[in-house]
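Report on the structure given below.
Count residues from 1 along the sequence. Since this is a predicted model, take the numbers as computed values, not measurements.
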Amino acid sequence: LVMYAVLRDESGRIFTTLRRGGDGRLVGRYSIGTGGHMQPAETFTEALFRELAEEVGVTPDDMTTLSRAGYILDDSTLVNSVHLGVVWMVTVKDPDVVKVRETEKLSGEWTDVDVVETLYQSDSFEPWSMFVLEKMFENSENSLKKVAKE
């Protein structure tokens with residue numbers, strides 16, 4: 001299981017990362033998901049909280065909202081077929097708290113929804129982000145701006 005959190009701030013911006021190193025399939029691709037693999041004996045929320053603290057320094061006290069939004073099961077590749085994503089929507093109180101910890105592999109920044117839409121339309125996101133954004137568009141009559149403020 002992989003915890004996959006979409007971080008938003010109170011104004012509706014989405015925290016995006018750009019893969020600069022590590023997994024070659026993802027280098028040069030953007031992502032709206034922050035997180036990682038669940039460890040044995042962890043609950044979903046324990047895994048989410050640990051991953052957010054490790055990846056971007058976010059703790060439960062930094063959150064104003066938290067909701068499980070769904071799951072990702074993508075069997076289009078061998079690697080994806082052995083991972084189940086648990087998708088979370090997280091709103092943070094103070095966007096300045098969110099900082100990428102693995103700067104040798106990732107860069108990250110708060111991104112206005114107009115830019116997210118442009119990156120989505122140009123197929124610049126990794127596959128799970130594309131899937132989540134597609135669902136966000138479907139659930140909001142193709143308006144990511146509306147979803148970002150919900």
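For the residue pair R101 and E54, the shortest heavy atom distance occurs at CG-O, 3.1 Å. Across every non-hydrogen atom of E10 and T91, the tightest pair is OE2-CG2, 3.9 Å.
Neither side chain, E51 nor T34, offers a donor N or O lying under 3.5 Å from an acceptor on the other. Side-chain contact, S129 with E126: a donor N or O sits under 3.5 Å from an acceptor N or O.
When ring centroids are compared, Y4 and W88 stay outside the 6.0 Å threshold.
Using the six-membered ring where Trp is involved, Y30 and F125 have ring planes that are perpendicular, over 60° apart on the 30 and 60° scheme.
Remark: the backbone N or O of A69 is not paired with any side-chain donor or acceptor of S67 at under 3.5 angstrom. S124 places no side-chain N or O within 3.5 Å of a backbone atom of Y120 that could act as its donor or acceptor partner.
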| request: Check step by step if side-chain contact (heavy atoms from CB on, under 4.5 Å) holds for L106 and R19. | output: CA-CA 5 Å; L106 297 171; R19 177 66 65 169; 3.7 Å; yes
| request: Show the numbers, then the answer: is there a side-chain contact (heavy atoms from CB on, under 4.5 Å) between R13 and R8? | output: CA-CA 5 Å; R13 293 181 304 171; R8 299 180 291 182; over 6 Å; no
| Intermediate values then yes/no, side-chain contact (heavy atoms from CB on, under 4.5 Å), V2 and L84 | CA-CA 6 Å; V2 175; L84 175 67; over 6 Å; no
| Going through the checks in order, is the side-chain contact (heavy atoms from CB on, under 4.5 Å) test met by R68 and V86? | CA-CA 7 Å; R68 190 169 52 229; V86 182; 3.5 Å; yes
| said: Set out, in order, the CA-CA distance, both residues' side-chain angles and the distance that settles side-chain hydrogen bond (donor to acceptor under 3.5 Å, both in side chains) for D9 and S11, then state yes or no. | reply: CA-CA 5 Å; D9 69 7; S11 72; 2.8 Å; yes
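M63 CE to D61 CG: the interatomic distance, rounded to the nearest 0.5 Å, is 9.0 Å. To the nearest 0.5 Å, atoms NZ (K99) and CD (E55) are separated by 16.0 Å. One distance of note links CE of M130 with CZ of R29; it measures 7.5 Å at 0.5 Å rounding. Annotation: the span from L48 atom CG to M38 atom CE amounts to 10.5 Å, rounded to 0.5 Å. Atoms CH2 and NE2, from W128 and H83 in turn, are 7.0 Å apart once rounded to the nearest 0.5 Å. A distance of 10.5 Å separates CD1 of I72 from NZ of K135, quoted to the nearest 0.5 Å.
Considering only heavy atoms from C-beta on, H37 stays 4.5 Å or farther from E42 through its side chain. In this structure, the side chains of V116 and D112 stay at 4.5 Å or more apart for every pair of heavy atoms. For the pair F15 and V100, the minimum side-chain heavy-atom distance is below 4.5 Å. You'll find the side chain of V6 reaches within 4.5 Å of the side chain of V132, heavy atoms only. In this structure the side chain of D74 never reaches within 4.5 angstrom of the side chain of F131, judged on heavy atoms.
Looking at D62, L52, I32, I14 one by one, the single match for side-chain contact (heavy atoms from CB on, under 4.5 Å) with L7 turns out to be L52.
Put simply, L66 and V58 are part of the same group of oily side chains (I, L, V, M, F, W, Y) that touch within less than 4.5 Å, one to the next.
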